[in-house]
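Quick notes on the structure that follows.
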Amino acid sequence: MGFTDNRFDVNLSILFTELPLLERPAAAAAAGFTAVELWWPWVDAPVPAQSELDALRDALNDAGTQLVGLNFYAGQLPGPDRGALSVPGEESDKFRANIDVAAEFARTMGCTALNALYGNRVEGVDPQVQDTLALENLVLAARAADRIGATLLIEALNQPESPLCPIVSAPKAIEIVDKVNAATGLGNAKFLMDLYHLAMNGEDLNEVIDTYTDKTGHVQIADNPGRGAPGTGELDFADLLGRLKKAGYDGWIGLEYKPGDRPSHESFGWLRNA
């Protein structure tokens with residue numbers, strides 16, 4: 001595999017999780033990475049104490065790692081939730097309370113990509129009610145992202161692992177991207193192209209890349225099946241990432257895979273051997 005033309009970052013919410021949160025940036029740096037991304041780290045606190053925010057900022061800065069992607073509050077992740085912004089009541093309220101907090105943290109870190117996970121369908125709630133709420137919250141998030149010069153990301157998950165989430169295909173995610181941009185007029189909503197999720201859906205990855213790269217703001221990878229490191233499954237990442245580059249994508253590629261039964265720092269052999 002040849003990957004020397006790509007920029008890889010490590011998702012510290014799935015890799016290096018054998019370590020406490022504040023030790024992960026330094027571990028990523030020791031493994032040779034200069035950039036990282038995160039799911040919202042405080043699953044029970046959309047508005048954590050300022051001291052916790054400061055401690056994470058210091059850990060990232062002390063390690064010399066650039067934060068290139070951050071999720072808004074998304075509920076229990078990992079866990080049963082798939083986002084909060086379309087879930088009426090307390091979860092939507094938590095998402096709204098988190099918007100400015102996450103955006104401000106991103107601003108102080110120079111992070112310009114904010115991911116807003118849609119959330120699951122709720123039994124007994126009209127899907128149209130959820131979709132209307134979702135658009136309202138996504139508009140708020142897009143405006144907050146715009147104030148700091150950032151992109152709002154909309155991610156497609158996969159139906160087998162997220163059967164209650166309605167955003168489980170590239171075309172559906174693009175539909176939401178277009179709706180948000182039409183509602184705000186800002187044009188800063190983009191597609192988060194997660195090749196693992198799309199492969200799990202059985203989508204034609206070459207077609208997705210050729211069709212939607214121009215609307216893509218970030219890319220994440222893991223092999224399929226298994227969500228392991230490249231080379232543990234069936235996906236040809238040399239070809240896929242080469243195709244992305246030819247299609248015009250030159251942004252970060254997030255490593256969002258499970259390291260398996262080994263310390264995370266041992267899961268990068270595929271990259272070192274490239």
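What you are looking at is a predicted structure, and each value in this text was computed from that prediction instead of being measured.
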Legend entry - Plane angle bin for F16 and F268 - parallel if under 30°, tilted between 30 and 60°, otherwise perpendicular: tilted
Inset, instruction - Take atom NZ of K245 as the centre, draw a 6.0 Å sphere, and report whether it contains more than 12 heavy atoms from other residues, nucleotides or ligands. - result: yes
Inset, instruction - Report the residues that fulfil side-chain hydrogen bond (donor to acceptor under 3.5 Å, both in side chains) with E23, sequence neighbours left out, ordered by chain and then residue number. - result: none
Inset, instruction - Identify, with sequence neighbours excluded, every residue that meets side chain to side chain contact (heavy atoms under 4.5 Å, CB included) alongside A55. - result: L22
Inset, instruction - Please name the residue in the list K179, K172, R121 that meets the salt bridge (charged side-chain N to carboxylate O under 4.0 Å, His left out) test with D131. - result: R121
Legend entry - Pairs involving residues 69-80, ordered by first then second residue, that meet side chain to side chain donor-acceptor pair (under 3.5 Å) (sequence neighbours left out): D44-Q76, N71-N115, Y73-E91
Inset, instruction - Using salt bridge (charged side-chain N to carboxylate O under 4.0 Å, His left out) as the criterion, list what pairs up with D58, not counting sequence neighbours. - result: none
Inset, instruction - State which residues pass salt bridge (charged side-chain N to carboxylate O under 4.0 Å, His left out) with R57; sequence neighbours excluded, sorted by chain then number. - result: D54
Inset, instruction - Indicate yes or no for a side-chain donor-acceptor contact from N137 to the backbone of R96 under 3.5 Å, with no hydrogens or angles considered. - result: no
Inset, instruction - With rounding to the nearest 0.5 Å, note down the distance linking CZ in F33 to CG in L271. - result: 5.5 Å
Legend entry - Test side-chain hydrogen bond (donor to acceptor under 3.5 Å, both in side chains) applied to D178 - qualifying residues, sequence neighbours left out: K215
Inset, instruction - Calculate, to the nearest 0.5 Å, the distance between atoms CD and NE2 belonging to Q220 and H197 respectively. - result: 7.0 Å
Inset, instruction - Please answer: with hydrophobic residues joined when any side-chain heavy atoms are less than 4.5 Å apart, are I154 and L70 in the same cluster? - result: yes
Inset, instruction - Output the distance between atom CZ (F237) and atom CG (L235), rounded to the nearest 0.5 Å. - result: 4.5 Å
Legend entry - Between S169 and E203: side-chain donor-acceptor atoms closer than 3.5 Å: no
Legend entry - Flag for D126-Q128: side-chain donor and acceptor within less than 3.5 Å: no
